[in-house]
Amino acid sequence: MTEFEKEVLKAVVKIPFGETRTYKWVAEKIKRPRAYRAVANALRKNPYLLVAPCHRVIKSCGDIGGYSQGQAQKKRLIKLEKTI
DNA sequence: ATCATGACTAATG
DNA sequence: CCATTAGCCATGA
């Protein structure tokens with residue numbers, strides 16, 4: 001586990017239930033405004049799927065983005081949380 | 001040290 | 001609005 005990945009996760013767990021943030025937002029949150037690509041890289045490995053709500057992280061343009069468990073699942077979770 | 005790889009982004013045509 | 005391009009950064013080989 002690298003420090004960078006930890007920072008990314010720490011930022012991700014701060015995302016409120018039912019809301020979404022962008023990769024760029026996370027990057028800025030960890031004081032690395034231009035590491036949004038590296039952020040995605042860290043999430044891609046995603047070892048804390050159950051503690052880090054990485055399904056709430058989407059692209060800045062509003063697109064769904066990717067997910068280790070599949071975009072469909074990601075979309076479902078977001079929609080579900082938005083409903084509750 | 002160098003190179004390729006991505007769940008990306010912003011700018012340009 | 002859609003496609004292409006260049007810029008970006010941590011990570012692993």
Side-chain angles (χ1 to χ4, degrees):
Chain A
M1 203 72 227
T2 67
E3 279 306 312
F4 178 76
E5 292 175 285
K6 288 181 189 174
E7 294 301 318
V8 172
L9 295 177
K10 284 201 298 183
V12 172
V13 296
K14 289 184 172 61
I15 304 176
F17 181 91
E19 292 182 35
T20 60
R21 294 294 185 280
T22 69
Y23 294 95
K24 192 180 179 186
W25 178 90
V26 176
E28 291 171 349
K29 204 68 180 172
I30 63 178
K31 313 303 179 191
R32 284 180 175 67
R34 301 190 216 45
Y36 36 72
R37 205 154 181 195
V39 168
N41 235 337
L43 293 182
R44 194 170 71 74
K45 302 176 182 176
N46 187 19
Y48 297 93
L49 192 56
L50 297 176
V51 293
C54 52
H55 59 271
R56 298 179 194 154
V57 186
I58 62 180
K59 303 216 291 187
S60 69
C61 61
D63 285 348
I64 187 63
Y67 190 53
S68 59
Q69 314 304 302
Q71 295 188 328
Q73 185 68 355
K74 181 172 181 177
K75 207 179 343 180
R76 268 177 54 198
L77 290 169
I78 295 177
K79 189 176 181 179
L80 173 66
E81 292 189 358
K82 208 188 310 181
T83 301
I84 299 177

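In what follows, every chain begins at residue 1, and chains take the letters A, B, ... in the order their sequences are listed. Computed over heavy atoms, backbone and side chain alike; hydrogens, waters and symmetry mates excluded.
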Under 4.0 Å: is that the gap between some side-chain N or O of A:Ser60 and OP1 or OP2 of B:dT9?
yes
Rounding to an integer number of Å, can you tell me how far A:Ile64 CD1 sits from B:dT9 P?
13 Å
According to a hydrophobic-cluster definition based on side-chain heavy atoms being under 4.5 Å apart (Ile, Leu, Val, Met, Phe, Trp, Tyr only), do A:Val51 and A:Leu9 belong together?
yes
Among the nucleotides C:dT11, B:dG6, B:dC8, whichever has the atom closest to the side chain of A:Glu5 is C:dT11
Just the rounded figure in Å: distance from P of C:dC9 to NZ of A:Lys24.
13 Å
Round to the nearest Å and state the distance from A:Lys31 atom NZ to C:dC9 atom P.
17 Å
Taking atom OH of A:Tyr48 as the centre, does the number of heavy atoms from other residues, nucleotides or ligands within less than 6.0 Å exceed 12?
no
Atom-to-atom span, NZ of A:Lys59 to P of B:dA10 - whole angstrom
11 Å
For a quick check of understanding: with a heavy-atom distance under 4.0 Å over all strands, which category does A:Cys61 fall into, base, sugar-phosphate or nothing?
nothing
Does the pair A:Arg21 and A:Val57 meet the rule for a side-chain contact (heavy atoms from CB on, under 4.5 Å), with working shown?
CA-CA 5 Å; A:Arg21 294 294 185 280; A:Val57 186; 5.6 Å; no
Looking at A:Arg37, does any N or O in its side chain come under 4.0 Å of the phosphate oxygens OP1/OP2 on C:dG7?
no
Sorted by number, the residues of residues 74-84 of chain A with heavy-atom contact under 4.0 Å to DNA chain B
none
With a 3.5 Å cut-off and no angle check, do the side chains of A:Glu81 and A:His55 form a donor-acceptor pair?
yes
A side-chain contact here means heavy atoms from C-beta on lying under 4.5 Å apart; do A:Arg32 and A:Phe4 qualify?
yes
Consider only side-chain heavy atoms of I, L, V, M, F, W and Y, link residues closer than 4.5 Å, and tell whether A:Ile30 and A:Ile15 are in one cluster.
yes
A:Lys29 NZ to B:dC8 C1': how many Å, rounded?
20 Å
Spacing between A:Asn41 atom CG and B:dT9 atom P, to the nearest angstrom
13 Å
Return the nearest nucleotide to the side chain of A:Arg44; candidates are C:dT11, B:dA7, B:dA10.
B:dA7
OP1 or OP2 of B:dA7 versus the side-chain N and O atoms of A:Ser68: is any pair under 4.0 Å?
no
For A:Tyr23, which contact category applies under a 4.0 Å heavy-atom criterion: base, sugar-phosphate, or nothing?
base
To the nearest 0.5 angstrom, please state how far the CZ atom of A:Arg56 sits from the OH atom of A:Tyr67.
10.0 Å
Could you give the CD-to-P distance, from A:Glu7 to C:dT11, as a whole number of Å?
11 Å
d(CG, A:Leu43; C1', C:dC9) in whole Å
14 Å
A:Tyr36 or A:Lys45, whichever maps to the more 5' nucleotide of DNA chain C
A:Tyr36
